[in-house]
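Before any comments, here is the structure.
Predicted model, so just to flag it, every value in this text is computed and none were measured.
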Amino acid sequence: MAVPLSKLHCLLKRAQMLLLCLGIAYLMAGSILLLQRSTIRAAQPNPPSLPPLLSLVAPPAALGTAGMGMRARSRWAAIQAVSSGGVKASRSWSGSRGLGVQHFHRRWFHSLLPESPEQKVSQHRSSRHKGTYMGCFLHNASDRALGGTMLYDLRKMTSSLCQDTCSESGYQFAGLEYGAECHCGNRISSLQAPEEDCSLVCRGERGSPCGGVGRLSIYKVEEQLPVRNVHHRGCFKLTNGTVGAFPIHSVQPNLTTQSCIETCTDKELPLAVLKRPHCFCTWTSSLFNINQQADKQRCADSSVPNRTATSGSTAPPESGHYQVYHTPVLDSRCKERMFLPQRSSSLVALSSFPGAGNTWVRHLIELVTGYYTGSFYFDGSLYNRGFKGEKDYWKSGRSICVKTHESGQKEIEMFDSAILLIRNPYRSLIAEFNRKCAGHLGHATEAQWDSKEWPEFVSSYAPWWASHALSWLKFGQRLLVVHYEELQRALFPQLRLVAAFLNVSITEERLLCAQSNQDGHFKRPGAQRTSFDPFTPDMRRMIDSFILTVDQALQSRNFSGLPQEYLPR
């Protein structure tokens, strides 16, 4: 009997040793992965925790793009810290070494995605893809082929998606880089590269070239889609000397607002300034200060043709009032964003019911503050579209605020303060149902609206809309209530309130940048079925009762009640 027990004892010892060896191997593999990840992010010191609600200065609007510098941060390269030392060090590298590091980091990052790694493109270009393929072009820190807006989609990028995005922003050319990044522009400003340099395929499309590292596969857009992101800046009084210094001036006897905006978009300038028959294009400047806007009636004459102006008149009037519009051209001064330079010990929630516009408000907060927002969850689709804070641990203290839809007492009390975003429940329910059925930017189908899924969704989600707001009003320690509709109506005042609550000083330049790029690429297009009312009378009675309950709760905590448009009539 002793012999079998001895053998069993030896066997168990060997099993323990085997498990120990496997555990050590697992830990070593994890350490190697973390070591690789540490090369992706610049090393940051861990300063002592800052006091709650640290007063922050908004980062500079433009941080420079020479060398790899801060541009590299948005391209998954090694520089993610905001310290100047890291930037200077990157600039001292040779171009070939920087490109090699960039390639290593991108290859490592893309290998984490579920799709297969990059594959070579056949040299035989398929003719079935839309647009005209122009070739492979240099696109690095010193030679940028296209200088317009950028879009990321690390899982589903296609040449068609990139072309449509650029077309909607008023650009003629679309360029794809490293299989997942889309760049737009109206002129190609670099030399052509060997075709084999653009050997990667798009992540969401086989058989079409999607650039390489520091190389763009450029297409000429096939069709011009309706332009988005055009906003009226206001009416301003300008002198002849001022407008004479603007870089672009054209005289168009039949000038229209649209033709002037198209002219300036074509020149890749963010502002169109017009007084018929004169059209000027320029960069944003302090000339167009929010407080210097004139009465819009002063520009009324600009809306009708100037009968006294002749087609041969090329000089602008000595002075006058000019209409100013933002073109779709993205102001480069608000492209750069970063994590907080020092970790904060104060956690601020951006809390909302699903479908209340949390993604859009995060986009605005990042534009106006220059800092990334975080998330209680990890949404890969949002991360792929530019919300870098999705990947960061929500308690890291590196994000300006953290998205959450949670409404339990324990989850609420984990945050020191919160921005409570509330939207009309009818709109919220429709938006969330669309998201569940078709993603962040899609729409539910007719069959889905007509199925039993919709009434079941309303019966469970409508009470959640009310309980979410009521719970935060009850357990939230420090709250700022923001109504989605008020933010749409009065963007500047609401963003100032948000920035003050976050203790971030913002510049007027950032505010204007947020205004001109407020739609971004994160808002769902307009309602798909404008005449469709999915709510039955029973649904409305239930939802209206919840509206009244939340309105009373807001007023009991000395907040203004819900907007009148919510309230049942």
Side-chain angles (χ1 to χ4, degrees), residues 62 64-77 90-91 95-96 98-103 105-106 118 121 123 125 129-154 157-203 205 208-222 224 264-270 283 327-333 335-336 386 521:
T65 56
M68 287 182 66
M70 300 311 262
R71 175 176 162 75
R73 184 180 63 248
S74 65
R75 296 175 166 278
W76 311 106
S90 70
R91 292 175 181 171
S96 60
L99 197 63
V101 172
Q102 199 173 5
H103 179 270
H105 289 156
R106 288 183 173 197
E118 63 269 16
V121 174
Q123 295 301 314
R125 306 299 181 187
H129 299 294
K130 62 189 295 185
T132 303
Y133 181 69
M134 306 298 294
C136 181
F137 291 83
L138 296 174
H139 189 76
N140 50 42
S142 57
D143 294 297
R144 298 183 65 196
L146 300 175
T149 190
M150 294 182 293
L151 169 72
Y152 298 89
D153 196 329
L154 301 180
M157 180 59 72
T158 67
S159 61
S160 297
L161 171 61
C162 183
Q163 290 178 56
D164 289 346
T165 299
C166 294
S167 179
E168 288 177 347
S169 297
Y171 294 103
Q172 299 179 34
F173 295 102
L176 297 115
E177 183 179 10
Y178 208 79
E181 301 173 13
C182 173
H183 300 260
C184 307
N186 278 318
R187 56 181 175 272
I188 303 173
S189 304
S190 69
L191 298 175
Q192 194 156 1
E195 201 59 35
E196 55 267 24
D197 286 4
C198 291
S199 58
L200 303 182
V201 297
C202 294
R203 298 293 299 182
E205 181 179 38
S208 69
C210 221
V213 180
R215 301 292 186 268
L216 290 187
S217 297
I218 296 183
Y219 293 83
K220 183 171 176 54
V221 174
E222 183 179 67
Q224 290 293 316
C264 298
T265 301
D266 185 61
K267 300 299 181 182
E268 294 188 356
L269 289 168
W283 301 100
T327 72
V329 176
L330 179 64
D331 190 337
S332 60
R333 291 176 294 181
K335 286 182 182 178
E336 296 297 341
H521 301 292

* **Verdict with reasoning, Thr327 to Cys264, per side-chain contact (heavy atoms from CB on, under 4.5 Å)** => CA-CA 7 Å; Thr327 72; Cys264 298; 3.8 Å; yes
* To do: State whether the SG distance for the cysteine pair Cys182/Cys166 is less than 2.5 Å.
  => no
* Got a second to check how far Asn186's CG is from Leu269's CG, nearest 0.5 Å? -> 10.5 Å
* Is there a side-chain contact between Tyr178 and Cys210, using heavy atoms and a 4.5 Å cut-off? -> no
* Structure fact -> Between Cys202 and Ser159 the two heavy atoms that sit nearest each other are SG-N, 4.0 Å
* Shortest non-hydrogen contact from Gln172 toward Lys220 -> OE1-NZ, 3.4 Å
* Any idea which heavy atoms bring Cys162 and Gly175 closest together, and the distance? -> SG-O, 3.8 Å
* When rounded to the nearest 0.5 angstrom, what distance separates CZ in Phe137 from CD1 in Ile188? -> 4.0 Å
* With sequence neighbours left out, write down each residue that passes side-chain contact (heavy atoms from CB on, under 4.5 Å) with Thr158, or none if nothing qualifies. => Ser160, Leu161, Glu205
* Between atom CD of Gln192 and atom CE of Met134, what is the distance when rounded to the nearest 0.5 Å? -> 8.5 Å
* Quick one: does His139's side chain get under 4.5 Å of Ser190's, heavy atoms only? -> no
* Asked: Quick one: salt bridge (Lys or Arg N to Asp or Glu O under 4.0 Å) partners of Asp197, sequence neighbours excluded?
  -> Arg215
* Structure fact -> Paired with Tyr219, the ring-ring contact (aromatic ring centres under 6.0 Å, His included) test is passed by just one of Tyr133, Phe173, Tyr171, namely Tyr133
* To do: Mind running side-chain contact (heavy atoms from CB on, under 4.5 Å) on Leu176 and Glu181 for me, showing each step along the way?
  => CA-CA 6 Å; Leu176 297 115; Glu181 301 173 13; over 6 Å; no
